[in-house]
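Residue numbers begin at 1 in each chain, while the letters A, B, ... track the order of the sequences.
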Amino acid sequence: MLEMVIITLLKIIAVLAVVLTGCAYSTYLERKVVAAMQHRIGPSYAGPYGLLQPLADAVKLMFKEDIIPDNVERWTYAMAPAISFIPALLTFAVVPFGMDMTIFGREIKMVLSDMNVGVLFVFAITSMGIYGIVLAGWSSGSKYSLLGSIRSSAQMISYEISYGLSIVGVLFIANTLSLSELIAQQETILDWFIFSQPVGFLLYVTCAVAETNRAPFDLPEAESELVAGYHTEYSSMRFSMFFIGEYANMLAVSAVGTVFFLGGWQGPFTEQVPILSFVWFFVKVFMFMFVYIWLRATFPRFRYDQLMNFGWKILLPLAVVNTVVTGFFVVL
Amino acid sequence: MTLDVAIFFISAIVAVFGATMMITVRNPVASVLYLLVSFAAQAVLFIQLGALFLGVVLIIVYVGAILVLFLFVVMLLNLRGGEDLGQPSRPMSRFSKYLIGALLLVELVFVIRGSAGGTDQTVTGMMGPVVETFGSVQDVGMLLFTTYLYPFELTGVLLLVAIVGAVVIAKRETEREAAQKKQLVEERGHSSEEKVS
């Protein structure tokens, strides 16, 4: 019993450490990649190739003064960054990140909680992430924040439905709601659900970008019209929690997408060298993240009515048709 | 078993506390947040009964979608705390809340008496799965699409009617507004012509 508790605690610490470091270095990756795409150099002073930049940023943010404007609603204002930050991390509780291994003679599952409705858990948690944004905007007592968060909630309600429907096809085929079961079914590359559900994959990626408020769907923080959107009034560590939360969300969505469509940690030679499963998982998540950044460097921001039309009139019908057609074939 | 009882009482108390605060607190946003707390505690109760699926769906549907919509509306109307929304003027509408509350209470008592009619009437006896597969995805699906197919479909139609009704009401408003606008434009047109003349 005690042994189980210790192992679980160690796993939680390991996952948190990896995810938070991943968040920090995602900002570095984004700055470097976008810089390269725009013919700039990007961060290069702190450490070799600017590799210590995230560390410098963290230190700077921690020592900055935390300014709380007078007309905020204190409680919600203080809670909002945490509320947006925690759901992003919670998703990793059900994501299997490697093959089951035997370490020091103990069978260890490389997942924190292997629940049989893991898929639903992921969606329940993802849908809660919006509260941080909404409450931040509302409690800040600033019109830019309020507008940003109203936009954000409208956007997330609109894209949530297509987001949920985009993976229903996969669930029809796999006939399970457990993430490790999903991975087990995608053993060879031909079994990956991206090939049986190409439309579902495209829908998932599109909705995932919209759900995480990233370019070209970053209207909640459109700096040309709303200053910085919902976190305009935040500073110091509170601001950085929103920032980390956003990147943690991107990582979570990428990891979950990898499990749904790209076979999770499956890959060549994992039977012989189990440690390779981590590498495969990392590579796939990295690809997702790279596409995210690539999109940001490539596309201009949507106009608000375009965003709504796209969500309701194109993505949603497409998702419904995809679901119905898949269901039809599965029944046949 | 003691841990089960502790979890049950904690989440039950939190659920009731959240619900009470929700109707007594003046700030509308805080009210929505207390409702959220209450739902979360209810989800815990479902999961404790072995109905993992129902608990998670409660969170997805209510916490993830409906309450976000509530918050959205509260923010759009920009309601702040302490605003007096006034008492309903007609005595019937003032009285109806007590009537509905009393009815619900009577129903609740009957349901509890009915379900606890067996030999084991303690709280601990009512906890734990009723059937082995109680609340699993397959079970809920089977029930919805066989035994309760007609009520299920009827609920769907009811919701559709509600949506259509909402759209109709919204449309009528805009038409009235359009008429007002037209009138306004005409009046202004006259006045500007008068000025010109």
Side-chain angles (χ1 to χ4, degrees), chain A residues 71-77 79-80 83 87 90 94 113 115-141 143 145-161 163-164 171-172 175-178 181 211 230, chain B residues 3 21 25-37 39-40 42-44 46-47 50-82 129 132-141 145 159 163 167:
Chain A
N71 57 343
V72 298
E73 304 265 333
R74 293 255 161 185
W75 267 92
T76 26
Y77 180 84
M79 268 193 320
I83 296 179
L90 269 182
V94 292
S113 164
M115 53 168 85
N116 59 359
V117 291
V119 176
L120 289 175
F121 179 82
V122 167
F123 280 89
I125 295 301
T126 320
S127 63
M128 281 167 80
I130 187 181
Y131 281 103
I133 293 175
V134 170
L135 292 176
W138 180 79
S139 61
S140 285
K143 56 177 177 271
S145 305
L146 187 67
L147 282 173
S149 67
I150 286 179
R151 270 186 183 183
S152 175
S153 44
Q155 178 178 331
M156 287 186 110
I157 293 167
S158 307
Y159 282 78
E160 188 96 26
I161 308 169
Y163 184 62
L171 301 182
F172 278 169
N175 207 5
T176 178
L177 286 173
S178 149
E181 184 71 19
E211 283 277 308
Y230 57 89
Chain B
L3 188 66
M21 288 304 282
V25 82
R26 305 237 37 159
N27 187 334
V29 171
S31 181
V32 175
L33 290 182
Y34 277 117
L35 188 57
L36 195 160
V37 170
F39 276 137
Q42 285 168 39
V44 173
F46 269 121
I47 291 169
L52 197 55
F53 176 64
L54 286 181
V56 176
V57 163
L58 183 79
I59 290 186
I60 292 182
V61 174
Y62 281 94
V63 178
I66 293 184
L67 284 189
V68 174
L69 221 57
F70 279 13
L71 262 188
F72 185 61
V73 171
V74 167
M75 285 194 335
L76 263 189
L77 300 178
N78 205 5
L79 295 173
R80 289 270 165 173
E132 201 49 44
T133 55
F134 172 72
S136 71
V137 185
Q138 285 85 351
D139 252 34
V140 174
F145 287 101
L159 288 175
I163 294 171
V167 170

Would F121(A) and L52(B) count as a side-chain contact (heavy atoms from CB on, under 4.5 Å) here? Give the steps. CA-CA 10 Å; F121(A) 179 82; L52(B) 197 55; over 6 Å; no
I need the residue from V68(B), V61(B), V57(B), L58(B) with the largest number of non-hydrogen atom pairs under 4.5 Å to chain A. V68(B)
Run the numbers on I130(A) and L71(B) for side-chain contact (heavy atoms from CB on, under 4.5 Å), then give the verdict. CA-CA 11 Å; I130(A) 187 181; L71(B) 262 188; over 6 Å; no
Taking side chain as everything from C-beta outward and backbone as N, CA, C, O, which of these in I125(A) sits under 4.5 Å from a heavy atom of chain B? Side chain, backbone, both or neither. neither
I need the I60(B) CD1 to E160(A) CD distance, nearest 0.5 Å. 8.5 Å
Is L33(B) close to chain A through its backbone or its side chain, or both, or neither, when contacts mean heavy atoms under 4.5 Å? side chain
What do you reckon, is OH of Y62(B) surrounded by more than 12 foreign heavy atoms closer than 6.0 Å? no
If you look at every heavy atom in A124(A) and V56(B), which pair is closest and at what distance? CB-CG1, 4.0 Å
Can you give me the closest heavy-atom contact between S127(A) and G64(B), atom names plus distance? OG-CA, 3.4 Å
What part of I161(A) gets closer than 4.5 Å to chain B, counting heavy atoms only: side chain, backbone, both or neither? neither
